[in-house]
S.K.: 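A single structure is presented below for examination.
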Number of protein chains: 2
Amino acid sequence: MGRRNQHSREEQRRMALDAADALVAAEGLAGFSMRKVALTMGYTVGNLYLLFSNQDDLLAEVSLRTADAMYEYLRGVAAKPKAPLERLQAIAAGYIGFAQKHSFRWRLMFEHYLPPEKWDHPGLNARQAALFEFVEEHLSPLLPDASPKQLRTAATALWSSVHGLCVLSATGKLHWSGLKDVRPLSDLIVRAFVAGLREERG
Amino acid sequence: MGRRNQHSREEQRRMALDAADALVAAEGLAGFSMRKVALTMGYTVGNLYLLFSNQDDLLAEVSLRTADAMYEYLRGVAAKPKAPLERLQAIAAGYIGFAQKHSFRWRLMFEHYLPPEKWDHPGLNARQAALFEFVEEHLSPLLPDASPKQLRTAATALWSSVHGLCVLSATGKLHWSGLKDVRPLSDLIVRAFVAGLREERG
DNA sequence: GAAGAAAATGATCAGCGTTCAAATCGCGGC
DNA sequence: GCCGCGATTTGAACGCTGATCATTTTCTTC
């Protein structure tokens, strides 16, 4: 073939990302392949490499999409509860719920490991930062006397904690305990952490 | 070739696990392959499949080794500090330290995802349970009035939290913050969580 | 219609996990 | 001493993967 020009480069990228996203959602990272993506979007493998430099690049952009979708979802979740603590607990539970519902997509964000030399990726870092700032924003009413620096530290620690619970439950590493519902645990983490911090600073 | 009988089945398994462990430690999961393992141990690919049913099986056993090594290491770390809180903080920091030092091995335990139908693996579950019980044991002096059930819940929540921090720092997901040392964060998590729980129950 | 630029292809390469007919070896019986 | 049988090990083969790039096809312009 040759120039068909039915779709611009940008349109093709969007089509590829749509296909890749759907493929990950359906089969997970293990079932993913560049060939399948190319087939789905109606092009050939070679063409994919004119749109993305390699598989890692494509997957990183799919992760970005998931991150954005999750962020939007969490904003919605945070809108409901009025009380600050309940709101923070709802956000934590929302995070875990998102991970369970969109298991393969969510796992892509964390199983798709980038080597340290690529940790400076602006898009990914921006999303990570946005998520932590979002937590910070909803944590601040509960820690009115904390300095900005302390607040950031607290938000990082708290969100890492929630993330840990999320990871372990999503990967079956809590299966031994027979635990069914993690909501009590996520509530506990948020509640105890906040209470501990409040006590600490008076 | 044929029967050489220089090594028994059990010896061969040990050799394969040694080779696989070293390979993971050196190149990570990405650089791992059955062929490389076979070559290192002086046998051929086909023979590996008489020792392990497949790659997942082999890697699961490598994970087991790492889990045992980590458990031993943490027991050593816990022996030093006298005060309960400092001991718990040392264990948390020890966990993160182990993950940083043995990065590839540690990551294998979590990146090597098993499908839900294999979550009943007795060996892996036993190790997971042992780790949480170990935490429980060192958490109990700090929560003398907690029931066994409450104690287990608390240990699960606390260790999930520490694990979350460990995961995020190990995969560069905290890189955006410019954070250098995670020890202050792990100390904070342990301290705040314990303080919050103590306050909660009087 | 011809020429040149742009776009898309797909054969190709090296590597992967996994399988299994075939080849090889050790040993008991003659 | 050697033969044959069963236990043991091999390695070619299959279908897949990510990635490359000379080749082919198409569009635009003259």
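The shown structure was predicted, so the numbers you read here are calculated from the model rather than taken from an experiment. The figures here come from the full heavy-atom set of this structure, side chains too, leaving out hydrogens, waters and symmetry mates. Note on naming: letters A, B, ... go to the chains in the order of the sequence lines (proteins, then strands), and numbering restarts at 1 for each one.
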S.K.: I want to check a possible cation-pi pair here: R107(A) against Y113(B), using under 6.0 Å from ring centre and within 45° of the ring axis as the test.
M.R.: yes
S.K.: Run the numbers on L131(A) and W159(A) for side-chain contact (heavy atoms from CB on, under 4.5 Å), then give the verdict.
M.R.: CA-CA 9 Å; L131(A) 183 58; W159(A) 205 247; 3.4 Å; yes
S.K.: For DNA chain D, whose closest nucleotide is more 5', that of G31(A) or that of G46(A)?
M.R.: G31(A)
S.K.: Any salt bridge linking E61(A) with R13(A)? Criterion: basic side-chain nitrogen under 4.0 Å from a carboxylate oxygen.
M.R.: yes
S.K.: Could you check how far CD of Q55(B) sits from C1' of dG15(C), rounded to whole Å?
M.R.: 13 Å
S.K.: Choosing from dA7(C), dT9(D), dG18(D), which nucleotide comes nearest the side chain of S33(A)?
M.R.: dG18(D)
S.K.: Specify the separation, in whole Å, of atom OH of Y49(B) and atom C1' of dT8(D).
M.R.: 19 Å
S.K.: Report yes if at least one side-chain N or O of R9(A) is closer than 4.0 Å to OP1 or OP2 of dA6(C); otherwise report no.
M.R.: no
S.K.: Please report, rounded to the nearest Å, how far the C1' atom of dT9(D) is from the CG atom of L50(B).
M.R.: 8 Å
S.K.: Is there a donor and acceptor pair, one atom on the side chain of R35(B) and one on the base of dG15(C), closer than 3.5 Å?
M.R.: no
S.K.: Rounded to whole Å, how long is the line connecting atom CG of D57(B) with atom P of dT18(C)?
M.R.: 10 Å
S.K.: Nearest-Å distance, CG (D56(A)) to C1' (dA19(D))?
M.R.: 12 Å
S.K.: Would K80(A) and E86(A) pass as an ion pair if we require N to O under 4.0 Å?
M.R.: no
S.K.: Got a second to check how far H163(B)'s NE2 is from I189(B)'s CD1, nearest 0.5 Å?
M.R.: 12.0 Å
S.K.: Want to settle it: does K36(A) or S53(A) sit nearer the 5' end of DNA chain D, counting the closest nucleotide to each?
M.R.: K36(A)
S.K.: Which listed nucleotide (dT10(D), dA19(D), dA7(C)) is nearest to the side chain of M34(A)?
M.R.: dA19(D)
S.K.: Within this structure, what is the CG-to-C1' distance between N54(B) and dC16(C), rounded to whole angstrom?
M.R.: 14 Å
S.K.: Closer than 4.0 Å, any side-chain N/O of Q12(A) to the OP1 or OP2 of dA7(C)?
M.R.: no
S.K.: Rounding to an integer number of Å, can you tell me how far L59(B) CG sits from dT18(C) P?
M.R.: 10 Å
S.K.: Round to the nearest Å and state the distance from N47(B) atom CG to dG11(D) atom P.
M.R.: 11 Å
